[in-house]
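Residues take their numbers from the sequence shown, with the count starting at 1. All values derive from a computational prediction rather than experimental measurement.
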Amino acid sequence: MIKKLTLVLILFTNNTYAFMAGIDERRDTYGELEIIGAYIPMASSGMMNAGYLKFNNVSNKKIIFHQFTSPVWDSIEIHNVEHSGGVAKMRKMSNLVIPEKSTLELKPGGAHLILIGPRRDIKEGEEILMIGQDDNERRYMIKFIVIEKAVY
């Protein structure tokens, strides 16, 4: 019995250590950025999609995102819709800047995230996790909810 208990404790301790090894206080953030209303509208199976949300930067420094990743999509790009001469064009952006003490909304018809290469189908009501990385390689966990259709 003692051997079994020892084995279980060793396995539990090793798993806990492996999980905790990913924590790095210099890279993880604590309340600098509020994520509001993050959602992904349903799309046809196998199609690109978009992610929308509002960032509220409560810190005294600007936050510049240069990368977003998720286990659900092959890649995620930052895009903005620009209107010129009555024509709307979508342009890829290299980063996303949220100025200090301000709010930035990613919404249909404006800046948004393009979700490319779905690795699986998503379902309405599902929570999708995404990581945003800033220029200092700090990580921001974002939880999106999948909704039936876009909210305009």
Side-chain angles (χ1 to χ4, degrees), residues 12 14-152:
F12 177 74
N14 283 343
N15 287 340
T16 301
Y17 176 76
F19 171 74
M20 296 302 288
I23 302 298
D24 180 348
E25 290 185 7
R26 293 165 299 165
R27 293 181 62 195
D28 293 313
T29 59
Y30 301 97
E32 295 176 352
L33 189 67
E34 296 173 352
I35 308 297
I36 303 164
Y39 73 94
I40 298 168
M42 288 291 298
S44 300
S45 181
M47 299 296 291
M48 284 194 310
N49 210 327
Y52 307 106
L53 69 155
K54 186 184 292 188
F55 292 107
N56 184 27
N57 183 353
V58 297
S59 74
N60 291 321
K61 61 181 181 172
K62 66 182 170 185
I63 297 172
I64 303 172
F65 284 105
H66 69 89
Q67 180 180 7
F68 291 90
T69 58
S70 173
V72 182
W73 285 277
D74 290 336
S75 65
I76 299 170
E77 296 179 356
I78 307 162
H79 284 242
N80 190 32
V81 177
E82 296 175 358
H83 301 274
S84 177
V87 177
K89 293 183 181 180
M90 194 163 51
R91 302 254 189 241
K92 183 177 176 183
M93 301 167 54
S94 59
N95 58 39
L96 186 65
V97 179
I98 300 114
E100 60 277 354
K101 301 283 186 189
S102 68
T103 299
L104 177 67
E105 186 173 6
L106 305 187
K107 59 185 178 181
H112 57 282
L113 300 176
I114 292 289
L115 316 173
I116 303 166
R119 296 178 179 163
R120 64 173 177 80
D121 289 340
I122 58 175
K123 296 178 248 175
E124 183 181 357
E126 180 179 3
E127 222 176 55
I128 304 286
L129 298 178
M130 192 178 294
I131 301 284
Q133 284 189 310
D134 71 10
D135 280 354
N136 297 314
E137 298 304 317
R138 291 170 48 109
R139 301 176 294 210
Y140 298 81
M141 176 70 70
I142 305 168
K143 292 181 183 178
F144 285 83
I145 189 80
V146 178
I147 64 169
E148 182 179 347
K149 58 184 174 179
V151 178
Y152 294 102

Minimum-distance pair of heavy atoms, taken over all atoms of [X] and [Y]:
X: V97; Y: L104; answer: O-CD2, 3.6 Å
X: L96; Y: M93; answer: CD1-CE, 4.2 Å
X: I145; Y: G125; answer: CD1-O, 3.1 Å
X: K61; Y: N57; answer: O-ND2, 2.9 Å
X: E124; Y: M42; answer: N-SD, 3.6 Å
X: S70; Y: I128; answer: OG-CG2, 3.9 Å

If the condition is side-chain contact (heavy atoms from CB on, under 4.5 Å), which residues does [X] pass it with, not counting sequence neighbours?
X: I131; value: T69, Q133, R139, M141
X: D121; value: S45
X: D74; value: R119

Can you measure from [atom1] ([X]) to [atom2] ([Y]) and round to the nearest 0.5 angstrom?
X: I64; Y: D135; atom1: CD1; atom2: CG; value: 4.5 Å
X: I76; Y: H79; atom1: CD1; atom2: NE2; value: 11.5 Å
X: L33; Y: I142; atom1: CG; atom2: CD1; value: 7.5 Å

Original post:
What do the steps show when you test V58 against E34 for side chain to side chain contact (heavy atoms under 4.5 Å, CB included), and what is the final call?
Top reply: CA-CA 7 Å; V58 297; E34 296 173 352; 3.8 Å; yes
By side-chain hydrogen bond (donor to acceptor under 3.5 Å, both in side chains) - contacts of [X] (at least two apart):
X: T103; answer: N56
X: S102; answer: none
X: N49; answer: none

Original post:
Under 6.0 Å from the CE atom of M48, do we count more than 12 heavy atoms belonging to anything else shown?
Top reply: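 12 or below, so no.
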Original post:
What pairs of residues pass the salt bridge (Lys or Arg N to Asp or Glu O under 4.0 Å) test when at least one of them lies in residues 94-113, not counting sequence neighbours?
Top reply: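 Counting only pairs at least two positions apart or across chains, no salt bridge (Lys or Arg N to Asp or Glu O under 4.0 Å) contact touches residues 94-113.
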**OP:** Hey, could you give me each pair passing salt bridge (Lys or Arg N to Asp or Glu O under 4.0 Å) that has a residue in residues 82-94? Not counting sequence neighbours.
**Re:**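 For residues 82-94, and leaving out neighbouring residues, the salt bridge (Lys or Arg N to Asp or Glu O under 4.0 Å) pairs sorted by first residue read E77-K92, E82-R91.
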**OP:** Determine yes or no for a side-chain-to-main-chain donor-acceptor pair under 3.5 angstrom, with N136 supplying the side chain and R138 the backbone.
**Re:**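 Pair absent, no side-chain N/O of N136 close to backbone of R138.
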Subject >> side-chain contact (heavy atoms from CB on, under 4.5 Å) partner of V72, the single match among R120, M130, E126 >> reply: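 Output: one option passes, namely R120.
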Taking distance alone, no hydrogens or angles, what donor-acceptor pairs closer than 3.5 Å link side-chain atoms of residues 111-118 to residues at least two apart or in another chain?
unit_1	atom_1	unit_2	atom_2	d
H112	ND1	G110	O	2.8

**OP:** Could you list the residues that satisfy ring pair (Phe, Tyr, Trp, His ring centres under 6.0 Å) with F65, not counting sequence neighbours?
**Re:**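 For F65, the residues satisfying ring pair (Phe, Tyr, Trp, His ring centres under 6.0 Å) (neighbours in sequence not counted) are F55, F68, Y140.
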